[in-house]
Student: 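If you scroll down you'll find the structure; I have some questions about it.
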Amino acid sequence: MKFYSNCTAGHYTIMCKSFSATLYNLSCGQYEYIVVEKRGENKNVGFIQLNRPKALNALCDGLMTEMGKALDAFEADGDVGAIVITGSERAFAAGADIKEMQNRTFQENYSGNFLAHWNRVSTVRKPVIAAVNGFALGGGCELAMMCDIIYAGEKAQFGQPEILLGTIPGAGGTQRLTRAVGKSLAMELVLTGDRIGAQEAKQSGLVSKVFPADQLVSEAIKCGEKIASNSKLISAMAKEAVNAAFELTLAEGNRLEKRLFHATFATDDRKEGMTAFVEKRKASFQDK
Ligand code: CAA
């Protein structure tokens, strides 16, 4: 069992005062397959590390259920302004757990809507950064693509090798990869099971930045801190607007963006941001 390792006594007291008991148990409680912490100078970046090293962080059902709980807790935690998901230096995640899937039937999958709960990662309103070292294969690549930003370590490898197992991606791989890198490369990866490295992933638009492996997580936390220093309310609106680009026509997307832009003028944070600019000082956002 892994415990919330950054929980100092003072931190524990503050958190217990400010959260309900249920929330406290979820964000700081015991997890078997992941490590959950709050990181950054102001402890405002939620940090989730996949922790099944022997199985290269294969995404078993228990792991993804815990991931959902940790994300729920960070979503409800007013201090957290961004979330980082990472794995180990060898593997972000080597995909869905093949041993767990091996004997599943169509009937079970269909009636239980197998893997539906993975979608929680893509519905989080707070910005989520994937910090990918090592293998991000199959469901691992799909998990990274459910996040908002992907940072990669130099030795990261991305791929959708499901075809080699006689199946196809089942957690958004054919859709998100195609939108990220275009049809030709997506088809090649999905149809051959080949992998691409970090630099090719960056060139193709899958990844926004590449770092030496040992700097990856701290750079992702820095990015999370930068995001968390802005208004959480406005960040959620910005994220909603960008995500709409994947769902709507250009006209519909522009209309939604305009409405959200107008809506920012109903917030204290928009007033504070512009006033601070005019007064030549740093804005102090209250997430209102
Ligand atoms: N599920 C379960 N166990 C896995 C796993 C997975 N996806 N990937 C690796 N493991 C396990 C291996 O079985 C092995 O365990 P044992 O020692 O108990 O046998 C351990 O992790 C280490 O793996 P390897 O010995 O294979 O390590 P390697 O360095 O030789 O190879 C690898 C690494 C290339 C990632 C290789 O493990 C591999 O090809 N893994 C499978 C990748 C894959 O096909 N992913 C897609 C899964 S299907 C999917 O994700 C569906 C979806 O869309 C949601």
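No hydrogens, no waters, no symmetry mates; every other heavy atom, side chains included, goes into these values. Note that ligands are numbered from 1 as they come in the structure, with each ligand's atoms numbered from 1 the same way. Owing to the predicted nature of the structure, the values given are computational and were not obtained by experimental measurement.
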Student: Could you identify which residues cluster with Tyr110, counting Ile, Leu, Val, Met, Phe, Trp and Tyr as linked when any side-chain heavy atoms lie under 4.5 Å apart, either directly or through a chain of such contacts?
Tutor: Phe106
Student: Protein heavy atoms: any of them under 4.0 Å from atom 29 (O) of ligand 1?
Tutor: yes
Student: Kindly identify the option in Gln157, Gln160, Arg195, Gln102 whose heavy atom sits closest to atom 34 (C) of ligand 1.
Tutor: Arg195
Student: Consider ligand 1: state whether an atom of it lies below 4.0 angstrom from any non-hydrogen atom of Gly173.
Tutor: no
Student: Look at atom CZ of Arg125 and say whether more than 12 heavy atoms of other residues, nucleotides or ligands are closer to it than 6.0 Å.
Tutor: no
Student: Heavy atoms only: which of Leu137, Ile98, Leu56 is nearest to atom 41 (C) of ligand 1?
Tutor: Ile98
Student: Charged N to carboxylate O under 4.0 angstrom, Arg255 versus Glu252?
Tutor: no
Student: If the threshold is 4.0 Å, N to carboxylate O, is there a salt bridge linking Arg281 and Glu272?
Tutor: yes
Student: Within the protein, is there a heavy atom lying under 4.0 Å from atom 38 (C) of ligand 1?
Tutor: no
Student: Distance below 4.0 Å between atom 2 (C) of ligand 1 and any protein heavy atom?
Tutor: yes
Student: How long is the gap from CD on Gln160 to CE on Met187, to the nearest 0.5 Å?
Tutor: 13.5 Å
Student: Using a 4.0 Å cutoff against the non-hydrogen atoms of Met101, which atoms of ligand 1 qualify?
Tutor: 48 (S)
Student: As a test of the contact definition, would atom 16 (P) of ligand 1 count as having a protein heavy-atom neighbour under 4.0 Å?
Tutor: yes
Student: Check the surroundings of atom CD in Glu279: do more than 12 heavy atoms from other residues, nucleotides or ligands lie under 6.0 Å from it?
Tutor: yes
Student: Can you tell which of Ala171, Gly138, Ala58, Ala94 gets a heavy atom nearest to atom 45 (N) of ligand 1?
Tutor: Ala94
Student: For Leu191, does the CG atom sit with more than 12 other heavy atoms under 6.0 Å from it, leaving out its own atoms?
Tutor: yes
Student: Taking 4.0 angstrom as the limit and counting only heavy atoms of Leu115, give me the atoms of ligand 1 inside it, by number and element.
Tutor: 54 (C)
Student: Show the atoms of ligand 1 that are less than 4.0 angstrom away from any heavy atom in Leu165.
Tutor: 44 (O), 47 (C), 48 (S)
Student: Relative to Phe246, does Arg179 satisfy both conditions: NZ or CZ under 6.0 angstrom from the six-membered ring centre, and within 45 degrees of the ring's axis?
Tutor: no
Student: Between Arg39 and Val45 (side chain of the first, backbone of the second, donor and acceptor by atom type, cut-off under 3.5 Å), is there such a pair?
Tutor: no
Student: Is there at least one protein heavy-atom neighbour under 4.0 Å from atom 53 (O) of ligand 1?
Tutor: yes
Student: Do Met146 and Val36 sit in the same hydrophobic cluster, where Ile, Leu, Val, Met, Phe, Trp and Tyr count as joined when their side-chain heavy atoms come under 4.5 Å apart?
Tutor: yes
Student: Could you tell me which non-hydrogen atom of Gly273 sits nearest to which non-hydrogen atom of Ala283, and how far apart they are?
Tutor: CA-CB, 4.1 Å
Student: Is there a nitrogen or oxygen of Phe135 sitting under 3.5 Å from a nitrogen or oxygen of ligand 1?
Tutor: no
Student: Kindly compute the distance separating OG1 (Thr178) from CG (Leu185), expressed to the nearest 0.5 Å.
Tutor: 9.5 Å
Student: Which ligand 1 atoms are under 4.0 Å away from a heavy-atom of Pro169?
Tutor: 53 (O)
Student: At a 4.0 Å threshold, what atoms of ligand 1 neighbour a non-hydrogen atom of Arg90?
Tutor: 27 (O), 28 (P), 29 (O)
Student: Closest non-hydrogen protein atom to atom 4 (C) of ligand 1, residue and atom name please, with distance?
Tutor: Ala55 O, 3.8 Å
Student: Taking the minimum heavy-atom distance to atom 19 (O) of ligand 1, which of Glu142, Glu162, Lys99 ranks first?
Tutor: Lys99
Student: Is it the side chain, the backbone, both or neither of Thr167 that has a heavy atom closer than 4.0 Å to ligand 1?
Tutor: neither
Student: Of all the atoms in ligand 1, which lie at a distance below 4.0 Å from a heavy atom belonging to Pro161?
Tutor: 43 (C), 44 (O), 45 (N)
Student: For ligand 1, which is the ligand I care about here, please tell me if Ile168 has any N or O atom under 3.5 Å from one of the ligand's N or O atoms.
Tutor: no
Student: If you measure from each heavy atom of Lys54 to ligand 1, is any distance below 4.0 Å?
Tutor: yes
Student: Mind jotting down which residue pairs meet the side chain to side chain donor-acceptor pair (under 3.5 Å) criterion with at least one end in residues 54-66? Sequence neighbours excluded, please.
Tutor: Asp61-His117
